[in-house]
Every structure is written in structure tokens, then in C-alpha cells.
Amino acid sequence: MKFSIITLFPNLINSYISESIIKRAIEKNKIEIEVLDLRNFTNYSHNQVDDYQFGGGKGMVLMVEPVVNAIESCKTKNSKVILTSPQGKTWKQNLAREFAKNEEHIIIICGHYEGFDERILDYVDLEVSIGDYVLTGGELASLIFVDSITRLIDGVIAKESHQNDSFENDLLDHPVYTKPIDFRGKKVPEVLTSGHHANIDKFRQEGRLKNTYNKRPDLLKIDNLSVSDLDYLEVLKNTKGE
Ligand code: ADE
């Protein structure tokens with residue numbers, strides 16, 4: 001999978017991708033990340049990439065020409081062009097999954113300042129937002145796309161690590177514990193150290209249901225649940241999630 005990130009702040013992107021799992025994924029040739037500095041694609045003097053909006057109004061608007069030049073410098077017939085924007089479709093785990101599975105080359109344009117010239121949208125396949133709040137620029141959003149897609153690519157992290165992720169099967173993940181077994185009287189649930197795998201599986205599934213019921217009840221889809229899941233949900237309802 002190749003990502004081409006078009007940005008006014010290449011250093012922000014480079015510093016994130018030179019650490020941790022993304023760095024390892026690049027070293028293992030699971031992904032390639034190309035960072036394109038938008039200022040290298042303008043024909044205006046002083047590397048100008050933004051200007052005042054017609055009709056008046058505050059703030060600088062990203063110009064169409066440098067953005068389209070940058071897209072055209074790296075686009076192939078297999079590229080998908082994404083624009084980061086608070087007006088876009090909200091990024092969710094299922095979109096990350098689809099992109100990890102289906103795409104070969106993702107071009108991400110980091111929006112900036114007050115916005116972008118509307119004509120840029122004609123060169124974009126999908127406008128994507130990371131949530132209902134406004135950032136100063138699209139760099140954080142673009143890194144979120146890269147990160148959430150990359151960890152789903154085969155061989156980047158252990159498959160078991162993301163098979164039970166929060167949002168897989170529309171449930172949040174179960175609670176997890178590590179050493180020490182007793183911290184100031186707060187003990188790790190005994191079942192987890194019992195070695196009894198069936199009981200551990202049951203405990204974890206109930207943990208997923210309980211977390212989802214208490215923290216994100218909007219995610220619970222009755223149709224996806226087994227009979228024993230539904231029985232446990234009844235218990236949760238009767239005990240108010242305790
Ligand atoms: N740029 C500004 N706000 C944004 C958001 N919420 N998501 C993606 N890009 C953005």
C-alpha cells in the first residue's frame with residue numbers, strides 16, 4: 001500500500017512516520033509513504049499556495065492549482081484521492097478496513113487555513129472528517145487515516161491483535177490486565193490466571209458486551225448477537241450494567 005500525503009507541513013508528517021509501528025511497516029515494505037510539499041507545486045511567486053476568498057471574508061483559502069498539480073504528479077489509475085475536511089464523511093473502523101483491503105494507492109490532501117477552493121472537490125474521490133470538531137489543518141487527520149489503515153494490513157501487527165479490536169463485530173474490546181496481580185487491593189479477575197480457556201473466552205465476550213452496554217450502547221446491534229450474548233445483555237439490563 002502506498003500513501004502520498006500532500007501537505008504544507010511535511011515535517012509534521014515525517015516526524016510521526018519515523019517512529020513506532022508505522023516506521024516498522026515502512027521498513028518491512030508493507031507500506032510506502034511519500035510526503036509531497038504543496039509549496040513545490042505552485043506556479044505563483046514566493047511559493048504562494050493560498051489567497052483571500054472572492055466575495056470577502058476572513059482567512060486564507062487553499063488554491064486549486066497547486067493542489068491539482070500535486071495530485072497529478074503522483075496519481076495513477078489505481079489511486080484514490082482523499083481530502084481531509086470537517087465537512088467529510090466521518091472516518092470509522094469499517095472505512096479503515098475497506099481501504100486496507102481494497103486500495104493500492106491513497107493520495108491524501110491535507111486541507112488548511114479557512115478552507116480550500118471548492119473546485120478542488122472535482123479532483124477528489126472522498127472528503128473525510130475524523131469527527132465533528134475543527135482542526136487547524138488536515139495533518140493530524142491524514143496521520144489518523146494512515147495509522148488506522150496500516151495496522152490492518154497483513155503482517156503489520158499480529159492478526160489476533162486486530163481481530164478483537166474495539167468496533168470489530170460492533171462491540172468494544174474487553175478489559176485487559178497485566179502485572180501485578182494485586183495493585184493496592186485491586187485484583188486481576190481470577191479467571192484470567194486460571195488457565196481455563198473456555199471460561200476466559202466467556203469472561204472476555206461478557207467484558208465486550210458489558211463495555212459496549214455501558215460506554216457505547218449505540219453500537220449494540222441485536223441481530224449480530226448470539227443467544228448467550230442476548231442472555232447476558234438481559235443480566236446487564238437487570239443489574240444496570242454492573
Ligand atoms: N480539517 C479540519 N477539521 C477536520 C476534521 N474534523 N477532520 C478532518 N480534517 C479536518
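Whatever order the structure lists them in is the order used to number ligands and atoms, beginning at 1.
Look at K89 and E127 and you find no salt bridge, because none of the NZ, NE, NH1 or NH2 atoms lies under 4.0 Å from a carboxylate O. A salt bridge does not link K210 with E206: every distance from a Lys NZ or Arg NE/NH1/NH2 to an Asp or Glu carboxylate oxygen is 4.0 Å or more. Checked for salt-bridge contact, D165 and R151 meet the test: a charged N lies under 4.0 Å from a carboxylate O. Salt bridge absent: D37 and R39 never bring a charged side-chain N and a carboxylate O closer than 4.0 Å. Looking at D154 and K30, no side-chain N of the basic residue comes within less than 4.0 Å of a carboxylate O on the acidic one, giving no salt bridge.
The number of heavy atoms from other shown groups lying within 6.0 Å of CD (Q87) does not exceed 12. Other residues, nucleotides and ligands contribute more than 12 heavy atoms inside 6.0 Å of the NZ atom of K28.
Given atom 7 (N) of ligand 1, the protein heavy atom at minimum distance is I130 N, 3.0 Å. Of the protein's non-hydrogen atoms, the one nearest atom 6 (N) of ligand 1 is Y133 O, 2.8 Å. Among protein heavy atoms, atom 9 (N) of ligand 1 sits closest to S85 N, 3.2 Å. Counting protein heavy atoms only, atom 3 (N) of ligand 1 is closest to L135 N, 3.0 Å.
Every atom of ligand 1 with a heavy atom of V134 under 4.0 Å away is listed here by number and element: 3 (N). In summary, the atoms of ligand 1 found under 4.0 Å from a heavy atom of A141, numbered by their order in the structure, are 8 (C), 9 (N).
At least one N/O-N/O distance between G131 and ligand 1 falls below 3.5 Å.
At a heavy-atom distance under 4.0 Å, only backbone atoms of V128 (N, CA, C or O) approach ligand 1.
Counting heavy atoms only, P86 comes closest to atom 10 (C) of ligand 1 of the residues S129, P86, G111, C110.
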